[in-house]
Structure formats: C-alpha cells, structure tokens
Amino acid sequence: MMKEQITPEFLFLHRRELIQKGFLLGMASVFPKWAFGATSFPAKKNEKYGLPDKDLVLTKEDVATSYNNFYEFSLEKGEVKTKVEKWNFNSKDWKIEISGLVEKKKSYSVEELCELAGGIEERIYRFRCVEAWSMVVPWTGFPLARLIEKLKPKSSAKFVKFQSFSDQKIGSNMSELPQYPWPYTEGLTLAEAMNPLTLIATGMYGKTLPKQNGAPLRLVTPWKYGFKSIKSIVKIEFTDVQPKTLWSSLAPAEYGFYANVNPQVDHPRWSQATERILDSSFFPKRKPTLMFNGYEKEVADLYKGLDLAKNY
Amino acid sequence: MSLKIRNLKSSLFRILLLVPAGYWVYLIGSGSIGVDPAKTLNHKTGEIALYYILFNLLLGILISFSFRFPVFLRFLLMQRRFVGVLSFVFLIFHIFLYLTMEGFETKAWTQLVTKTYLIFGLGAWIILFALAVTSNDFSVRRLGVKRWKRFHRLVYIASALFTAHILSIEKTDLIKYGSLLLSLWGLQIIRVLWVWRKKRITRKVINAKQV
Ligand code: HEM
C-alpha cells in the first residue's frame, strides 16, 4: 500500500465534522435560502400578507418612525424619536429570556431566536392604535407560532407573558411616571400567540427596527390595539394564569386583557367606530374601523362564545 | 412718562403671551408639527390656555392676600382681561382641533355630550365663553363693577370643571397637571380661610367700637 493512500491523520480526525459540513453544503444547494433561516435584510416578502386592502396605501416610513407611543421615553409621540438617541443600543448584546412552563428555558440572542423560528419574512399589516388612529406598516419578522413550536411549552401553559426592559437608564422617562407598574408587560392566550398572524418583528420597511419602534424585537398582533404590540422584549414567559398587563393594571376600565379592535365597543373617552389614517396632514383620510381590524376571518374563532363587550 | 413705560411693558407682555401661538404657526409652516397635527395642537392649545387661566387665578389669589406688588409688576394687574380673552381664543382652537381630529363626523358632536370628560370640558368652555365676551369696558359699565365681579366669579365653577376634564384623561402628564391643579386648589382653600378670618376680625373690631 502506498503511503498516500493511508488517510492522512488530520482528515481522519475531522472526518465527522467534514461529513456534516458536506451534508449541509449539499442541502444548501438543494433548498432555498429561507429553509436555513435567512435572517438578513431585506427579507423575502410573504405574498399572502401583501397590502391588506387595495384602497389602503403604505404609511410613509418617516411617519411610522416618528410617531411612537413609547412612554418609557416620552409621553409625546413625536418626541420619542429624539429621546431614544441617548439609548446606547447594541442588538448583539440584547438577550431574550425564555422562561416559565416551557422546555427550552434559556437566554437567546435575537439572531438565535430568528434562526430557531426558521428565518424572517416581510408582511404588510394594518396597525390600529387605541387612540383611534391607524397606519399600514410593512413588518419584518417571524410568526411567533414557529418559535413556540421549537420552544416546546408544557401542556399546562395557557398564556404567554411578554416583558419589556426595566432599565431606567434606558427608559429615561420611566421615573417621571412612578404610578406606572413598570416594566411594560403584555400577554396573549397561547391560542392567540399560536395564531399565524401573530408576528415577532425585528424590522420594518426592509430594515432592522428603529429604536423608537421597539428595537431589537417586538410583538405585532394586528387585530388588537397597538398597545398589545409590546416593544423591546427582554422576556417571554409561559404561564398558566392570565398575565397582568401594564395598561390593564393602570386603567382597568379603559384597557382590557384582550384589547381586540372593535368598532362597537367605545373607549370610555372616545368612540372606536372610525379612525384617521395618519399621514401628517390636518385632515387625514378616515375610514370606518373594522371588526378585529379587518382580520375577522383569521381570528374570530379564537373568541367564540366570549362576550366582547365585557372582555374588551 | 410712567404711562409710556407702562404701555411699553404691557405691549411686550402681550407679545410674550403670543410667542407659543407664533411657535405653533412656525411648526406648521416648517412642516415639523408632526404626524398628527390636529391632535398635537389640540394638546398644546389646551395646555397653554390652562397656564394663562392659572396665571389670572394666581393674580386673584395674590390680591386677596393683599400682596404688595413691586411697582415694576403692577402693570400685570391691568392685563387680566387680555390674558383671559387670549386663553379663550386658544380654547376655541382647542375645540376646533378636537373636531378636526374627529373628522367633524357625527361622533365628534355626540361624544361632546356623552363622554364625561368632554361634558366637563364643554361646561367649562361655555362658562369661559360667557366670561370672555363680557371682558370689555362696555360690559363692565353695563353690569356695574359689583355685578360684573360677581358674575366673573363663575370662573371658579369653570375651574372645577376643567380640573375634572384634565385629570380624567388617564394618558396625560398626571404629575405636571396634577401638581399644578392641586396647588391651585390648595391656594384657593387657604385664600377662602384667610378671607374669612379677615372678615371675622374686622367684624370684631366694628363690634368692639359699637360697645
Ligand atoms: C368642549 C370643550 C372641550 C373639548 C371638546 C376638549 C377636548 C379635549 C381633548 C380631546 C383633549 C385630549 C384628550 C386625550 O388626549 O385623550 C383635551 C385635553 C386637554 N384639555 Fe380640553 N377640551 C375642552 C375644554 C377644555 C377647557 C375649558 C380647558 C381649560 C383649560 C381644557 C384644557 C385641556 C388640557 C390642559 C388638556 C391636556 C392637554 C395635554 O395632554 O397636554 N380643555 N381636551
């Protein structure tokens, strides 16, 4: 036997790894990129969630990124954009803790969560704020359901609780609002969280999320009022009791746990029957508000038998 | 000469009061009023109108305490009607912008009489309207100083109503408005007690003299 025919030692030692790499390379040429969880921007458009209505137009990017309800920074929606400038933010350092009634309890980076969920995609959703204004926003992110499947919640898990950062060094306005039960918390039933519409967004308008819109990742539940779509998440917890949420703790008569968009149920201080589609003008276009913000087909089943006037 | 200086100071003061409105016009003109102009300006007009009313009420309180205004500030005592009317002009815009915000739809009008905080606001507004249209020499002459003064005490009912209007807005700056309005009512209570005490003392003095 010639010497060269003997497997060189370094190849022998690394054979397993080489086989694995070769396999992955082979797969990569067979499957499209998203199968491996493309996490770069701009992400592929999901055509199923294009413009929700031909009468609607996409809200301009500078409108959607300069009018933000983010009380951790300011009560003034137009001011948040400048207030976040001081936030020394680095997406790479951000950790999201997965906890509670779930098998894969761990701290993940944003990248890890995106990969675990199988990559990100772009979807256009209506966005209806409880204050009776609305926008149409192209989000980039992954359906929460795909992540939850990977995290393997226990059978006793019935709700998902989300928590935003509690660092007062980041949220410079938090100490100005001592009556608020910080940190910002939100919750969904597990069924709501598993609905294909429920998105964890890491970007908008084909770019990573700006700080004022909830960097590095936020929830988007388009059939609910905007305040449910919690920003800058640091913790996702699976529970068996309905989680307390910031707004329903602070003003239970005004903001409920469900917060489904519903033109028939007034806010105590204003009607929800119509909305103004913000575009910076004094007289923006208006339209009737739709039940579940126009997502009735997708979500109405979740609330069968529930009195939506009581469970607002 | 002193009259000239007083006029100059009054004019400067009045111009100062118009600075916020000028700034809003600048914001609109330069396109930096933001994404939801009607709502933004509804808030700003309400806020500045409140400050101006509070200014007037504070002067009233100081007068009750027989506060000796330094000479260079005495011109302020002549500005109360102007401040009051200007504040009402802002409140006209405040309502108009509210209606704009609601697209002048039917609901904009029905809400005015069905939503508690707007009922409070409207009540205050109607009273302040009556006060604003009678804030001129003609009305003072027609009503007579005494009756005019009594009529303008309605401002305290208006104050109670706008206090309720503002503090029932959950999503507002409770610390800012809460502390301002609490100070206002605290001072008013002290003032009422003070005036009572003064009256009792004068009555005692009068009684003693009669004996
Ligand atoms: C019919 C009369 C009135 C209407 C329709 C009205 C309407 C409104 C509306 C819609 C808001 C915003 C509420 C929100 O953001 O949820 C507001 C806030 C406010 N209003 Fe009025 N209002 C009226 C009378 C008054 C009066 C008489 C005052 C007296 C000063 C006043 C002072 C304020 C203030 C200070 C705010 C808070 C602004 C802020 O958030 O910074 N309003 N009003």
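Quick note on labels: first sequence line is chain A, next is B, and so on, each numbered from 1. Just so you know, these numbers use all the heavy atoms, side chains as well, and skip hydrogens, waters and symmetry mates. In this text, all values refer to a predicted model and were calculated from it rather than measured experimentally.
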Is B:Lys115 close to A:Asp266 at the side-chain level, that is, under 4.5 Å between some pair of heavy atoms?
-> yes
| Other residues, nucleotides, ligands: >12 heavy atoms within 6.0 Å of B:Trp185 CH2 | yes
From the list A:Thr274, A:Leu75, A:Asn69, A:Asp62, the residue making the most non-hydrogen contacts under 4.5 Å with chain B is A:Thr274
Rounded to the nearest 0.5 Å, the CD atom of A:Gln179 sits from the CD1 atom of B:Ile175 at a distance of 5.5 Å
Is a side-chain donor or acceptor of B:Gln111 paired with a backbone partner of A:Ser271 at a separation under 3.5 angstrom?
-> yes
NZ (A:Lys244) with more than 12 external heavy atoms under 6.0 Å = no
- Near B:Tyr26 OH, under 6.0 Å, is it more than 12 heavy atoms from other residues, nucleotides or ligands? no
(Q) Would you say that more than 12 heavy atoms from the other residues, nucleotides or ligands in this model lie under 6.0 Å from the CZ of B:Arg142, or not? (A) no
Kindly check if the number of other-residue, nucleotide or ligand heavy atoms within 6.0 Å of CZ (B:Phe138) is above 12?
-> no
Greatest number of non-hydrogen atom pairs under 4.5 angstrom with chain B, of A:Tyr71, A:Phe283, A:Trp270, A:Trp247, falls to A:Trp270
Hits for side-chain hydrogen bond (donor to acceptor under 3.5 Å, both in side chains) against A:Ser74, two or more places apart or cross-chain, chain-then-number order -> A:Glu79
Please check if atom CZ in B:Phe129 has more than 12 non-hydrogen atoms from other residues, nucleotides or ligands closer than 6.0 Å. no
More than 12 heavy atoms of other groups within 6.0 Å of B:Tyr23 OH: no
Applying a strict 4.5 Å limit to non-hydrogen atoms, the region of B:Thr114 in contact with chain A is neither
Contact list (residues 74-101 of chain B to chain A, heavy-atom gap under 4.5 Å, by number) returns B:Leu97, B:Thr100, B:Met101
Which of A:Glu131, A:Arg276, A:Lys77 passes side chain to side chain contact (heavy atoms under 4.5 Å, CB included) with B:Asp36? Answer is A:Arg276
Value for CZ (A:Arg269) from OG1 (B:Thr116), rounded to nearest 0.5 Å, stands at 10.0 Å
Applying a strict 4.5 Å limit to non-hydrogen atoms, the region of B:Glu102 in contact with chain A is both
Quiz item: Crowded around B:Lys198 NZ? As in, over 12 foreign heavy atoms under 6.0 Å?
Solution: yes
Residue from A:Gly78, A:Ser66, A:Ser281 scoring the most non-hydrogen pairs under 4.5 Å with chain B is A:Ser281
Of all heavy-atom pairs linking B:Pro37 and A:Ser280, the shortest is CG-O, 3.3 Å
After noting the C-alpha distance and the side-chain angles of A:Phe282 and B:Ile28, does the key distance pass the side chain to side chain contact (heavy atoms under 4.5 Å, CB included) rule? CA-CA 10 Å; A:Phe282 268 92; B:Ile28 296 168; 3.9 Å; yes
Of B:Lys39, B:Lys176, B:His43, the largest count of non-hydrogen pairs under 4.5 angstrom with chain A goes to B:Lys39
